[in-house]
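Read through the structure below, which is laid out as structure tokens, and then see the notes.
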Amino acid sequence: MSQFWKPGAEKPRLLDDEEGGVLFLAASASSSRLGHSSIQKQRQRLPVYKYRTAILYLVETHATTIIVGETGSGKTTQIPQYLKEAGWADGGRVIACTQPRRLAVQAVASRVAEEMGVKLGEEVGYTIRFENLTNTGVTMIKFLTDGVLLKEMMDDPLLSKYSVIMVDEAHERSISTDILLGLLKKIQQRRPELRLIISSATIEAKSMAAFFQTSKKHRGMEGEVLGPRIEPAILSVEGRGFNVQIHYVEGPVSNYVQAVVSTVLLIHDREPMGDILVFLTGQDDIDAAVKLLTEEVQNCGRNSLGLIILPLYSGLPRAEQELIFAPTPRGKRKVVISTNIAETSLTLEGVVYVVDSGFSKQRSYNPLSDIENLVVAPISKASARQRAGRAGRVRPGKCYRLYTEEYFINEMSAEGIPEMQRSNLVSCVIQLKALGIDNILGFDWPAPPSPEAMVRALEVLYSLGVLDDDAKLTSPAGFQVAEIALDPMISKMILSSSELGCSEEIITIAAVLSIQSVWVSGRGAQKELDEAKLRFAAAEGDHVTFLNVYKGFLQSGKSPQWCHKNYINYQAMKKVIEIREQLKRTAQRLGIVLKSCETDMLVVRKAITAGFFANACRLEAFSHNGKYRTIRGSQEVYIHPSSVLFRVNPKWVIYHSLVSTDRRYMRNVTSVEPSWLREAAPHYYKHQPPSNPMLH
DNA sequence: GAGCACTGC
């Protein structure tokens, strides 16, 4: 009576598509005998439902199945349920489904629990940082961020409790996803019974297939049946979006902010009602466009009165972000001018028109200077398609691309560069080391990072005393640093604080350094913000200033009003508390003594130095403009104007990070004594060239 | 006296 495909039953019909992958011929969905409740009917109306049998067949017979599914296909919520219904969660095994983002994990898990009529955290559960809603032995389907799954591998390198692991949104190519894919490929060789599903929104499935294709064949006697086929299966599932008509400009656009404004006005004049979503690169562009558009509307008369113009970027205060979701009043048209946040993280209902500038801010990394920064760069074709798709969620839409069709076809790359190839790899390398991957340079990456970047990461870890001469994790420091889920320099700072007796203070600093900013985003009330900052400013620098803010917050009883009055971001402070609690638990597990140094800030600065000695700088002699040089590399740097040490210019400082604009600015700076540097890292500072007037 | 795409453990 069951319609599910089971091993041994007649196979569904398969067809080779022109790409050389395996594509299933749609089966009829109407013959199902699943339940008749409305939820079941809804499930059956999803495009993925037609492929249910095919998916189960492919997963049964292939070690890896790649599913190309557009948004709205239902793959994320349905496939884990199909697998469970087909018995993949029998015998205490668990079906895992990873997501790049926490919010998606929670949303999908609660949706699936609802569809299955179970309480979230029982048969269906989820795990994200700070939250574990699963029940061992009961949970059959578990949603989690890919970062959490990597963390789980530290305790269970073969992920032995999982029968199927579905890696969703793999096309986004985040660092965690790429590390995970590389490791899963390795696990497959040891666990032929494990099944992988790689789910991606773009057609670049072939390169993913090639990556998993090269898996070594499971060895066995000649003629023996060796379990699943090694070559990955590829299956495409259509989405449920509406058609989106694409319009290109006829000639290149010189000023895309201006072009955005005129395009929005044109849509508003000529097109029927429906909201407009604009993609620009960052806060600057967006604020400029909002201002320009508002002025145009005021100069334009009656027809433009119906526009509600809203900016959207992650740094926006919570209340302003929420305006985006308010339904558009009758007769009005909403225009949301956004960063990439609306491309993947947030979904706006009611959008019918998309205006795509063709650019976004992207992280880039130079391993030689060890500097990460953001650059405005052209987006990929995949990104352009994703942006256009945002116009077709409620009804057929239109997308206006502010670049020529010729440019789209000939100049835009098919896919973006994976994050792995645009980032500092220190955290990535230590994670792999902790998982016993000794040969980092020879690791089978989905997209190998440059050797320079890997060597740079190894150097930094060696200088921190986390790796030894053989590039193996040191014990215990190396393992401890790997266990703390933060940048290794911060983790090292925490370890040192244990010996220096200031771990209570240092974990507060570590928590603050791992959020964006404790201050409310500065524009508009700059003077007031600067004055508020002075109330907390410490002569030692920004790190000690953070301690003062934290103390003030606790003394206020964690009051939102107190935060508001002092230009402090309340949401950020709540996050600091949360991260701090987690660090405290990790520290206790690692045997780090939690101790406060009370008012002795000297040891706090020494602990900071122990983690960040590589970022030491010296004020240039006779410098009247605050010019510093890094000790290693002798690069010209300046204290950022947002630092409490701006214009104070102590002789020796260490910084937490550099931002590179017209100059290189040090953010989060603390003054130090030069003797501490050699104390903290004698090996690192022993061979300074004599031209560098160092450590006298 | 300047600027923060977006995630995640």
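For clarity, every value in this text was computed on a predicted model and none was experimentally measured. A note on names: the letters A, B, ... follow the listed sequences, proteins ahead of strands, and every chain is numbered from 1.
Considering only the side chain of A:Arg102, B:dC9 comes nearest among B:dC4, B:dT7, B:dC9. The side chain of A:Ser345 lies closest to B:dC6 when the candidates are B:dC6, B:dG3, B:dA5. The A:His640 side chain lies nearest to B:dA2 when the options are B:dC4, B:dA2, B:dT7. In this structure, of B:dT7, B:dC9, B:dC4, it is B:dT7 that holds the atom nearest to the side chain of A:Ile341. With B:dT7, B:dA5, B:dG3 as the candidates, the nucleotide lying closest to the side chain of A:Thr339 is B:dA5. Across B:dC9, B:dA2, B:dT7, the shortest atom-to-atom separation from the side chain of A:Gln516 is found for B:dT7. Checking B:dC4, B:dC9, B:dG3 against every side-chain atom of A:Leu486, the shortest atom distance belongs to B:dC9. Ranking B:dG8, B:dC9, B:dA5 by closeness to the A:Leu374 side chain, first place goes to B:dA5.
We find that CD1 of A:Ile515 is positioned 16 Å from P of B:dC9, with the value rounded to whole Å. A straight line from CG of A:Leu312 to P of B:dA5 spans 12 Å, rounded to a whole angstrom. Atom-to-atom, CZ of A:Arg667 to P of B:dG1 comes out at 18 Å; the value is rounded to the nearest Å. Put simply, CG on A:Asp284 is 7 Å from C1' on B:dG3, counting in whole angstrom units. If you measure from atom CZ of A:Arg663 to atom C1' of B:dG1, you get 10 Å, rounded to the nearest angstrom. The NZ atom of A:Lys361 sits 15 Å away from the P atom of B:dT7 (whole-angstrom rounding). Atom CD1 of A:Ile484 is separated from atom C1' of B:dG8 by 17 Å (rounded to the nearest Å). Distance CZ (A:Phe279) to C1' (B:dA5): 12 Å, rounded to an integer number of Å.
Heavy atoms of A:Ser176 sit nowhere under 4.0 angstrom from any nucleic acid atom. Note on A:Tyr313: only backbone sugar-phosphate atoms sit closer than 4.0 angstrom, heavy atoms only; bases stay farther off. A:Thr344 comes within 4.0 angstrom of no nucleic acid atom, judged by non-hydrogen atoms across all strands. Contacts of A:Leu150 with the nucleic acid, taken as non-hydrogen atoms under 4.0 Å apart, are absent. Nucleic acid contact class of A:Val376 (heavy atoms, under 4.0 Å, all strands): none. Residue contacts shown for A:Asp662 are limited to sugar-phosphate atoms, with no base heavy atom under 4.0 Å away. Looking at heavy-atom distances under 4.0 Å, A:Ser174 makes no contact with the nucleic acid at all.
Between A:Arg129 and B:dT7 there is no side-chain N or O to OP1 or OP2 distance below 4.0 Å. Taking side-chain N and O atoms only, A:Thr145 has no distance below 4.0 Å to OP1 or OP2 of B:dT7.
At least one side-chain heavy atom of A:Tyr256 sits under 4.5 Å from a side-chain heavy atom of A:Val376.
Residue order along DNA chain B, read from the 5' end via each residue's closest nucleotide, puts A:Pro641 first among A:Pro641 and A:Asn340. Each of A:Gln582 and A:Ser314 was matched to the nucleotide of DNA chain B holding its nearest heavy atom; the match closer to the 5' end belongs to A:Ser314.
The only option from A:Leu312, A:Leu316, A:Leu280 that meets the side-chain contact (heavy atoms from CB on, under 4.5 Å) definition with A:Ser338 turns out to be A:Leu312.
Residue A:Ser314 comes nearest to A:Gln321 through the heavy atom pair O-NE2, 3.3 Å, listed as atom of the first residue, atom of the second, then distance.
Two rings, from A:His564 and A:Tyr570, have their centers 6.0 Å or more apart.
Side-chain N/O atoms of A:Asp530 and base N/O atoms of B:dG1 include a donor-acceptor pair closer than 3.5 Å.
Taking the six-membered ring where the residue is Trp, A:His640 and A:Tyr665 present perpendicular rings, their angle passing 60° and hence far from 30°.
Heavy atoms from other residues, nucleotides or ligands lying under 6.0 Å from CD1 of A:Ile417 number 12 at most.
Looking only at distances, no side-chain donor or acceptor of A:Ser498 sits under 3.5 Å from a matching main-chain atom of A:Ile592.
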